[in-house]
Amino acid sequence: MTIREFKMPDVGEGLTEAEILKWYVQPGDTVTDGQVVCEVETAKAAVELPIPFDGTVHALLFEEGTTVDVGQVIISVRTAGAAADAPVQEAAAPVAETAPAAPAPAAEEPVTEARQPVLVGYGVSTASTKRRPRKAPAGTAAQNGTGAPAAVPVAPPVLPAVPAQPVGERPLAKPPVRKLAKDLGIDLASVVPTGDGGVVTREDVHAAAAAAIAPQAAPAAAAPVAPQAQVPAPVAEAAAPAVEPSARETRIPVKGVRKVTAQAMVGSAFTAPHVTEFITLDVTRTMKLVQELKDDPDLAGLRINPLLLIAKAVLVAIRRNPDVNASWDEAAQEIVLKHYVNLGIAAATPRGLIVPNIKDAHAKTLGELSESLSSLVATARDGKTSPADMQNGTITITNVGVFGVDTGTPILNPGESAILAVGAIKLQPWVHKGKVKPRQITTLALSFDHRLIDGELGSRFLADIAAVLEHPRRLITWS
């Protein structure tokens, strides 16, 4: 029997791990070359992984919600031409959680040599018939009639009978479930197991925790029961929730996009000397232009909004002040001037803050820029932004005004020279042509790397952005 293994690939530059968000296949399913088998979240984005060969899924080696190192085997596939009735021991062994097995020895028994390769994610050699099978405890059933180690067999259609163990032995639960119970202060022996083979699941632990917080709401079946024989549960068990509540606090694991964002922001804040300048301006004319463009039949079907004209104003200001579009090369001790603009747009997503960028934004027409902005936002909201879309940005816009915030002091996206925060646009009293009138007012905040941009250059750049938004005809006269 031929078993092929698919390892976690490096789906982005410099990434070392990814979390399995969702499996699209299960053991026994047929897969074809190029078929998406799972979705993973890296430190930069969520990515769907296609499998590079045909066959039948033999085992899923990790559960949903598990973080896996690049290079570890995540799924094994029985390739075309393999005998359907081949002995189980000829197949590569899945992780213990991926298939039901015969009763295991006592909890304290050391792992045999047949399981050690699996635990580090490299799978088992196809020559497993040479391995010495693990002996079953006296009085227990035979090992599925194949002579294979207990952790090896593919899931049979009917689970073997599970004899009860004496009270006092270790309850059956996977390591993550045990940790959850420990964090919540729950005694596993008091939890009613609902998993296959009497295994305690995360849902069981959460139900017990809820019962402990509100005893009057606890189900009648919550009485302690004797633990049962240790039988690993299948991968299909529900993945761990991101938030683990307790009576007085909630702990949220820091991983994926949020983890990398935090690291990047700390690195940026303490590496680049930030300076932030502010300017408050009248954007009434720009708001009128937005409405006129919406009514223009030549732009029908395009998304026209203030952010589009703000992005265009930034590009015009960069053309007038090209030295702001640069980066600091610490290793070479050089300032690198960029003759292109990859305009970043900060986007808040359920997985955290990401900053995809519009490649070569300086060369796009207003319509092309609108299409790129719409596509960028839609992709980010769907969680499908690719790592390539977030690389090589040169300058960023963050629109805090959508939250009703007047302004802020944004932190630079690592490797970039400046970031512009756009505040809320509000109707306020303003002196216009010598009289106080209600006008559309906003505040811009520009943070920049003072190693690259001195106060004069930063001030001129911010003033030019404001000038374009106050008198948008400069989009033409300054272009």
Side-chain angles (χ1 to χ4, degrees), residues 277-322 324-325 341-346 357-358 360-374 376-377 394-402 404-407 410 418-446 448 457-479:
E277 294 186 343
F278 309 88
I279 189 167
T280 301
L281 61 147
D282 177 2
V283 292
T284 304
R285 294 184 180 90
T286 288
M287 297 304 290
K288 289 181 179 178
L289 179 57
V290 168
Q291 189 57 52
E292 292 173 1
L293 293 175
K294 286 182 177 180
D295 298 334
D296 191 329
D298 291 335
L299 299 176
L302 296 178
R303 182 176 176 82
I304 308 297
N305 56 22
L307 180 59
L308 174 62
L309 295 188
I310 292 168
K312 200 66 175 175
V314 169
L315 295 172
V316 170
I318 290 174
R319 186 179 297 113
R320 289 171 58 85
N321 304 276
V324 304
N325 192 44
V341 181
N342 289 346
L343 183 62
I345 304 293
N357 60 75
I358 300 172
D360 293 326
H362 65 288
K364 295 185 180 294
T365 65
L366 188 67
E368 292 169 342
L369 191 62
S370 174
E371 291 176 342
S372 297
L373 274 172
S374 298
L376 177 148
V377 171
T394 61
I395 196 164
T396 291
I397 297 173
T398 177
N399 186 8
V400 299
V402 296
V405 176
D406 291 333
T407 191
I419 179 171
L420 179 74
V422 181
I425 299 174
K426 300 178 180 179
L427 196 63
Q428 297 181 29
W430 191 262
V431 177
H432 176 67
K433 296 181 179 179
K435 296 181 180 180
V436 177
K437 295 182 179 181
R439 304 286 287 179
Q440 298 284 353
I441 306 301
T442 191
T443 298
L444 305 178
L446 180 73
F448 52 88
L457 178 58
S459 299
R460 282 194 285 107
F461 178 59
L462 181 58
D464 281 353
I465 297 172
V468 172
L469 295 176
E470 284 182 324
H471 299 280
R473 65 176 182 271
R474 291 188 172 116
L475 288 171
I476 300 173
T477 59
W478 285 3
S479 294

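- Contact between Thr398 and Pro410 at its shortest, heavy atoms only, is CG2-CB, 4.1 Å.
- Remark: Lys426 pairs with Asp406 by the salt bridge (Lys or Arg N to Asp or Glu O under 4.0 Å) rule, at least two apart or across chains.
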Would you tabulate the side-chain donor-acceptor contacts of residues 461-479 under 3.5 Å, counting partners in other chains and residues two or more places apart, or write 'none'?
unit_1, atom_1, unit_2, atom_2, d
Asp464, OD2, Arg320, NE, 3.1
Asp464, OD2, Asn321, ND2, 2.9
Arg474, NH1, Ala467, O, 3.0
Ser479, OG, Leu475, O, 2.2

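- How far CD of Gln440 is from NZ of Lys288: 10.0 Å, rounded to the nearest 0.5 Å.
- Checked against side-chain hydrogen bond (donor to acceptor under 3.5 Å, both in side chains), Thr396 has the following partners two or more places apart in sequence or in another chain: Glu416.
- A distance of 9.5 Å separates CG of Leu293 from CD of Gln291, quoted to the nearest 0.5 Å.
- Thr280 pairs by the side-chain contact (heavy atoms from CB on, under 4.5 Å) definition with Trp430, Ile441, Thr443, not counting sequence neighbours.
- A heavy-atom distance below 4.5 Å is not found between the side chains of Asn342 and Ile358.
- For the atom pair CD of Gln428 and CG of Asp282, the computed distance is 10.0 Å after rounding to the nearest 0.5 Å.
- Of the inter-residue distances, the one linking Arg439 atom CZ with His432 atom NE2 reads 4.0 Å to the nearest 0.5 angstrom.
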Show me, pair by pair, the donor-acceptor contacts under 3.5 angstrom made by side chains of residues 302-319, not counting sequence neighbours?
unit_1, atom_1, unit_2, atom_2, d
Asn305, OD1, Leu307, N, 3.3
Asn305, OD1, Leu308, N, 3.0
Lys312, NZ, Lys364, O, 3.0

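- Put simply, the side chain of Ile419 does not reach to within 4.5 Å of the side chain of Ile397, judged on heavy atoms.
- Remark: Glu292 pairs with Leu289 by the side-chain contact (heavy atoms from CB on, under 4.5 Å) rule, at least two apart or across chains.
- Heavy atoms only, all atoms of each residue included: Thr407 and Ala445 are closest at OG1-CB, 3.2 Å.
- Contact between Ala361 and Leu343 at its shortest, heavy atoms only, is CB-CB, 3.8 Å.
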